[in-house]
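Single-structure report; data block below.
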Amino acid sequence: MKKIIIAIDGYSSTGKSTIAKRLAKALDYVYVDTGAMYRAVTLFALKEGFFGEKVDDASSLIEHLPNIQLKFVRDAKLGTCDMYLNDENVEKDIRTLTVARKVSQVAAIKEVREKLVHLQQQMGIEKGIVMDGRDIGTVVFPDAELKIFMTASPETRATRRYKELLDRGDKVTYEEVLKNIEKRDLIDSTRSVSPLRRANDAIEFDNSDMGLEEQFERIFSFAQRVI
Ligand code: C5P
């Protein structure tokens with residue numbers, strides 16, 4: 001069986017990571033959540049006071065980029081893959097609405113993208129990888145053998161993310177979550193560096209009215225056709 005690169009891009013909270021993780025497990029591939037990397041850089045910027053309610057100091061963040069070390073730590077037994085920022089497990093901290101509110105601004109910084117895209121390309125050198133994000137099929141791996149572009153209505157996506165945050169114990173309202181999703185989509189798709197868009201050769205996949213099982217079956221069959 002040949003090893004390929006599977007790129008899953010799309011709007012916020014379309015369920016990319018759930019499908020990508022499952023696909024990687026079924027194929028015995030590595031899964032990489034690139035959103036977690038942008039979130040970790042954002043957490044760093046918030047902690048250092050470079051980005052916050054009042055300050056947006058991109059130049060300080062750019063200057064400190066070499067001090068940011070990111071790695072994924074996989075636990076095969078637990079089946080988890082946690083994001084580490086400078087040797088600290090930040091998996092939980094990067095999923096908050098506070099980080100979500102700033103991440104698209106941080107992800108629009110050219111130097112941040114250059115650093116993360118380089119790291120992502122290194123991770124895919126040996127193929128056998130499922131990577132999800134916004135620019136995987138267009139910028140990180142334009143030659144990926146399989147590209148999926150996930151979409152779903154903003155309301156469907158907000159409902160999913162709202163439930164996720166509530167389950168995690170975050171005190172948020174549905175309206176806040178919907179607003180955040182719409183704002184991130186707007187920034188992500190209109191930024192000048194690698195805007196979110198469907199690669200010409202990506203399969204558009206609207207999962208608004210689809211359960212997890214059906215999504216997985218369909219995407220798995222796309223992969224089988226290529227492998
Ligand atoms: O996938 P997730 O929603 O966790 O991504 C968080 C944010 O990171 C996105 O809204 C986007 O601004 C940014 N991102 C990006 N490019 C990627 C992955 C994520 O710009 N490849």
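Start at 1 and go down the list; that is how both ligands and their atoms are numbered.
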Original post:
Under 3.5 Å, side chain of S208 to main-chain N/O of S153, donor-acceptor pair present?
Top reply: yes
Subject >> Polar atom proximity, D132 to ligand 1 (N or O, under 3.5 Å) >> reply: no
Subject >> Least distance between heavy atoms, R74 atom then C81 atom >> reply: NH1-SG, 3.3 Å
Original post:
With atoms numbered from 1 as shown, which atoms in ligand 1 lie under 4.0 angstrom from a non-hydrogen atom of R39?
Top reply: 2 (P), 3 (O), 4 (O), 6 (C)
Subject >> Test of proximity, Y38 against ligand 1: N or O pairs below 3.5 Å >> reply: no
**OP:** If you have a sec, work out which protein heavy atom is nearest atom 12 (O) of ligand 1 and how many Å separate them, to one decimal?
**Re:** D188 OD1, 2.6 Å
**OP:** Please report which non-hydrogen protein atom sits nearest to atom 9 (C) of ligand 1, along with the residue it belongs to and the distance in Å to one decimal place.
**Re:** R134 NH2, 3.2 Å
Original post:
Looking only at N/O atoms, are R113 and ligand 1 under 3.5 Å apart anywhere?
Top reply: yes
Subject >> F51: which of L61, V41, T42, D57 passes side-chain contact (heavy atoms from CB on, under 4.5 Å) >> reply: L61
Subject >> Shared hydrophobic cluster, V112 / F72 (ILVMFWY, side-chain heavy atoms < 4.5 Å) >> reply: yes
**OP:** Can you see which heavy atom on L212 is nearest to which on R22, and at what distance?
**Re:** O-NH1, 4.4 Å
Original post:
For ligand 1, is any non-hydrogen atom under 4.0 Å from R157's backbone (N, CA, C, O), its side chain (CB onward), both, or neither?
Top reply: neither
Original post:
Does some non-hydrogen atom of Q120 fall short of 4.0 Å from ligand 1?
Top reply: no
Subject >> Partners meeting side-chain hydrogen bond (donor to acceptor under 3.5 Å, both in side chains) with R101 (sequence neighbours left out) >> reply: E176
Original post:
If hydrogens are left out, which of D33, V103, T42 has an atom nearest to atom 7 (C) of ligand 1, that is, the closest non-hydrogen atom?
Top reply: V103
**OP:** Give the numbers and elements of all ligand 1 atoms closer than 4.0 Å to a heavy atom of A107.
**Re:** 12 (O), 13 (C), 20 (O)
Subject >> Main-chain N/O of A36 paired with D33 side-chain donor or acceptor, under 3.5 Å >> reply: yes
Original post:
Within the structure, does R184 bring an N/O atom to less than 3.5 angstrom of an N/O atom in ligand 1?
Top reply: yes
**OP:** State the atoms of ligand 1, each with its element, that fall below the 4.0 Å cut-off from a heavy-atom position in G133.
**Re:** 17 (C), 18 (C), 21 (N)
Original post:
Side chain or backbone of M37 under 4.0 Å from ligand 1, or both, or neither, by non-hydrogen atoms?
Top reply: neither
Original post:
Quick one: is the NZ or CZ of R198 closer than 6.0 Å to the six-membered ring centre of F149, and within 45° of its axis?
Top reply: no
**OP:** Return yes if a side-chain donor-acceptor contact under 3.5 Å exists between D132 and S17, otherwise no.
**Re:** no
Subject >> Test item: side-chain donor near acceptor, Q69 and N86, under 3.5 Å >> reply: no
Original post:
Does S104, backbone or side chain, put an N or O under 3.5 Å from an N or O of ligand 1?
Top reply: yes
Original post:
Judging by distance only, is a nitrogen or oxygen of K16 under 3.5 angstrom from one on ligand 1?
Top reply: no
